[in-house]
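We name chains A, B, ... by the order of the sequence lines, and we start the count at 1 in each one.
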Number of protein chains: 2
Amino acid sequence: MTDEEERREVALLLRRLNVELDAVGQRFADLHGLNRTDVRALVAIMDAARRGESLTAGRLGEAVDLRSASVTALVDRLERVGHVRRVRDPEDRRRVGLQMSESAMAAGAEHFGGLARDLTAAMEGYSADELAVVRRWLEDMTAVITRHSRGS
Amino acid sequence: MTDEEERREVALLLRRLNVELDAVGQRFADLHGLNRTDVRALVAIMDAARRGESLTAGRLGEAVDLRSASVTALVDRLERVGHVRRVRDPEDRRRVGLQMSESAMAAGAEHFGGLARDLTAAMEGYSADELAVVRRWLEDMTAVITRHSRGS
DNA sequence: GTCGATTATCTCGATCGTCGAGATATTATG
DNA sequence: CATAATATCTCGACGATCGAGATAATCGAC
């Protein structure tokens with residue numbers, strides 16, 4: 001196999017990985033009776049919580065790229081099944097903070113945290129040098145992809 | 001940084017890459033007035049065409065996980081804007097083959113092929129050994145992820 | 001302080017994608 | 001042949017998203 005062919009195969013492997021990674025989110029959605037937007041929203045809220053922040057409705061809309069009307073409906077759905085709570089911000093009472101319920105947080109940690117744990121475990125066989133190569137490669141690929149995902 | 005932290009960071013980089021890769025598809029959708037399902041369908045049809053096959057409506061439904069009613073609507077949309085053509089199979093006249101138009105094929109090649117080209121180009125600086133590490137890592141990660149995307 | 005502009009969220013009505021149930025047409029089977 | 005199985009389509013319903021506009025709270029200029 002030529003070097004060029006090898007590079008193309010690696011690119012294909014990356015694409016296949018991407019498909020499977022999306023399927024992980026889809027599976028979580030199926031298991032919990034949610035749609036993909038709801039899952040993306042929960043992940044965004046969970047990420048913010050891990051950073052010690054509490055997303056407002058508006059910031060959530062930016063994170064998942066939805067208009068305010070859709071965010072209201074989205075939060076209604078998540079609140080109805082008990083995954084999040086609306087908490088009016090006492091500093092600025094126009095704002096609505098979003099807090100994940102314990103159960104939703106636990107379910108998310110179980111599902112996505114479990115994946116993260118297995119991924120890092122699968123990397124234990126790699127030397128520091130090898131991981132450095134992988135990291136550099138990921139950064140390079142992400143840079144290229146980001147250029148394509150925004151302007152050309 | 002400990003080895004464990006480094007592994008976690010690499011996992012986070014992979015997740016970030018995944019987000020950007022999804023955004024590439026979203027951008028193609030925006031540019032061409034399509035939704036994400038339509039893009040996934042076009043990609044599936046394009047992949048099949050590259051393998052010399054012609055997807056039927058049913059197989060397309062399996063590829064993008066839609067019921068037959070939705071596939072009919074999907075193909076209606078794509079046909080209406082001239083991206084695909086329905087071609088009744090003369091062997092089995094119940095079946096409907098899907099052929100991509102030249103313009104749609106060109107647009108897809110331009111967008112996704114351009115990304116693939118840039119990705120492989122960005123790998124030119126990597127030695128065969130380094131690429132082998134990356135490839136092994138991708139295969140390992142994909143195996144873990146696939147286990148999570150199907151049964152746990 | 002007061003009033004208009006700005007900001008954050010929500011309500012309402014409309015549109016579009018998806019689906020289940022069932023219809024239609026074609027092919028396989030006994 | 002008659003019947004079952006297969007591939008797609010039609011129809012009606014539902015749900016996610018959106019634009020326009022309403023409501024409520026904060027900010028800024030005076």
Side-chain angles (χ1 to χ4, degrees), chain A residues 22-23 25-30 32-45 48 53-81 83-100, chain B residues 22-23 25-45 48 53-81 83-99:
Chain A
D22 283 348
Q26 182 63 54
R27 178 170 163 77
F28 183 82
D30 293 343
H32 294 84
L34 302 170
N35 61 43
R36 292 199 53 60
T37 298
D38 295 354
V39 175
R40 295 213 308 154
L42 285 176
V43 169
I45 297 172
E53 304 169 19
S54 162
L55 279 191
T56 64
R59 291 233 169 267
L60 174 62
E62 293 169 16
V64 298
D65 194 33
L66 287 181
R67 307 305 128 219
S68 74
S70 310
V71 174
T72 298
L74 162 63
V75 176
D76 283 349
R77 289 195 301 273
L78 295 178
E79 199 170 35
R80 195 176 313 126
V81 296
H83 286 338
V84 305
R85 249 184 17 216
R86 283 178 162 96
V87 184
R88 283 228 101 86
D89 184 343
E91 303 289 321
D92 181 343
R93 311 218 337 282
R94 293 169 301 181
R95 282 191 286 214
V96 168
L98 301 173
Q99 288 190 354
M100 271 186 82
Chain B
D22 284 348
Q26 182 63 55
R27 179 169 162 78
F28 183 82
D30 292 343
L31 285 173
H32 293 83
L34 303 169
N35 61 43
R36 290 200 54 59
T37 299
D38 295 352
V39 175
R40 295 214 308 153
L42 285 175
V43 169
I45 298 172
E53 303 168 19
S54 163
L55 280 191
T56 64
R59 291 234 168 266
L60 174 61
E62 292 169 15
V64 298
D65 193 32
L66 286 181
R67 308 303 128 220
S68 73
S70 310
V71 174
T72 298
L74 162 62
V75 176
D76 283 349
R77 289 195 301 273
L78 295 178
E79 198 172 34
R80 194 176 315 125
V81 296
H83 287 337
V84 306
R85 249 183 18 216
R86 282 177 162 95
V87 183
R88 282 228 101 86
D89 184 342
E91 302 289 320
D92 181 344
R93 311 221 333 284
R94 293 169 301 182
R95 283 192 284 214
V96 168
L98 301 172
Q99 288 190 353

*Looking at the side chain of A/Val96, which of D/dT8, D/dT10, C/dC10 is the nearest nucleotide?*
C/dC10

_Interatomic spacing from CG in A/Asp65 to OG1 in A/Thr37 - rounded to 0.5 Å_ = 10.0 Å

*Would you call B/Arg86 and B/Asp76 a side-chain contact if the rule is heavy atoms closer than 4.5 Å?*
yes

*May I have the distance from B/Arg59 (atom CZ) to D/dA7 (atom P), rounded to whole angstrom?*
8 Å

*Earlier contact from the 5' end, DNA chain D, for B/Thr56 and A/Asp38*: B/Thr56

*Figure out the CG/C1' separation between B/Leu66 and C/dG20, and round it to whole Å.*
14 Å

*asked:* What is the separation between atom CG on A/Leu34 and atom P on D/dG15, rounded to the nearest whole Å?
replied: 15 Å

_Residue-phosphate contact under 4.0 Å: B/Arg67 side-chain N/O, C/dT18 OP1/OP2_ = no

*Take atom CZ of A/Arg59 as the centre, draw a 6.0 Å sphere, and report whether it contains more than 12 heavy atoms from other residues, nucleotides or ligands.*
no

*With A/Val75 as reference, evaluate A/Ile45, A/Val96, A/Asp38, A/Leu98 under the side-chain contact (heavy atoms from CB on, under 4.5 Å) test and give the passing residue.*
A/Leu98

*asked:* Students often get this wrong, so: under 4.0 angstrom with heavy atoms, is A/Ala57 touching a base, only sugar-phosphate, or nothing?
replied: sugar-phosphate

*In whole angstroms, how far is the C1' atom of D/dT23 from the CZ atom of A/Arg95?*
18 Å

*When the distance from CG of A/Asp76 to C1' of C/dC10 is rounded to whole Å, what number comes out?*
9 Å

_Rounded interatomic separation in angstrom, taking CG from A/Asp65 and P from D/dT17_ = 11 Å

*Checking all strands, does B/Leu74 fall into the base, sugar-phosphate, or nothing category for heavy-atom contacts under 4.0 angstrom?*
nothing

*Between B/Arg77 and C/dT18, does any side-chain N or O lie under 4.0 Å from OP1 or OP2?*
yes

*Please examine the side chains of A/Met100 and A/His83, heavy atoms only from C-beta on, and report whether any two atoms are closer than 4.5 Å.*
no

*Starting from P on C/dA25, measure out to CD on B/Glu91 and report it in whole angstrom.*
22 Å

*Counting only side-chain N and O atoms of A/Thr72, is one of them less than 4.0 Å from OP1 or OP2 of C/dC10?*
yes

*Give one of base, sugar-phosphate or nothing for B/Ala73, where a contact means two heavy atoms less than 4.0 Å apart.*
base

*Given D/dC18, C/dT18, D/dA25, which nucleotide is nearest the side-chain atoms of A/Arg93?*
D/dA25

*Name the closest nucleotide to the A/Ala69 side chain, picking from C/dG20, D/dT26, D/dC18.*
D/dC18

_Need one value for A/Arg86: base, sugar-phosphate or nothing, where a base atom within 4.0 Å counts as base even if backbone is also close, heavy atoms only._
sugar-phosphate

*Donor-acceptor pair under 3.5 Å, A/Arg94 side chain vs C/dT7 base*: yes

*Between the side-chain atoms of B/Ser68 and the base atoms of D/dC9, is any donor-acceptor pair under 3.5 Å?*
yes

*Give the rounded distance in Å between these two atoms: CG of A/Asp89 and P of C/dA8.*
11 Å

*Within a strict 4.5 Å, meaning less than it, do heavy atoms of the B/Val84 and B/Leu42 side chains meet?*
yes

*For A/Asn35 and for B/Gly97, locate the closest nucleotide of DNA chain D by heavy-atom distance; then report the residue assigned to the nucleotide nearer the 5' terminus.*
B/Gly97

*Considering only D/dA16, D/dA25, D/dC18, which nucleotide approaches the side chain of A/Thr37 most closely?*
D/dA16

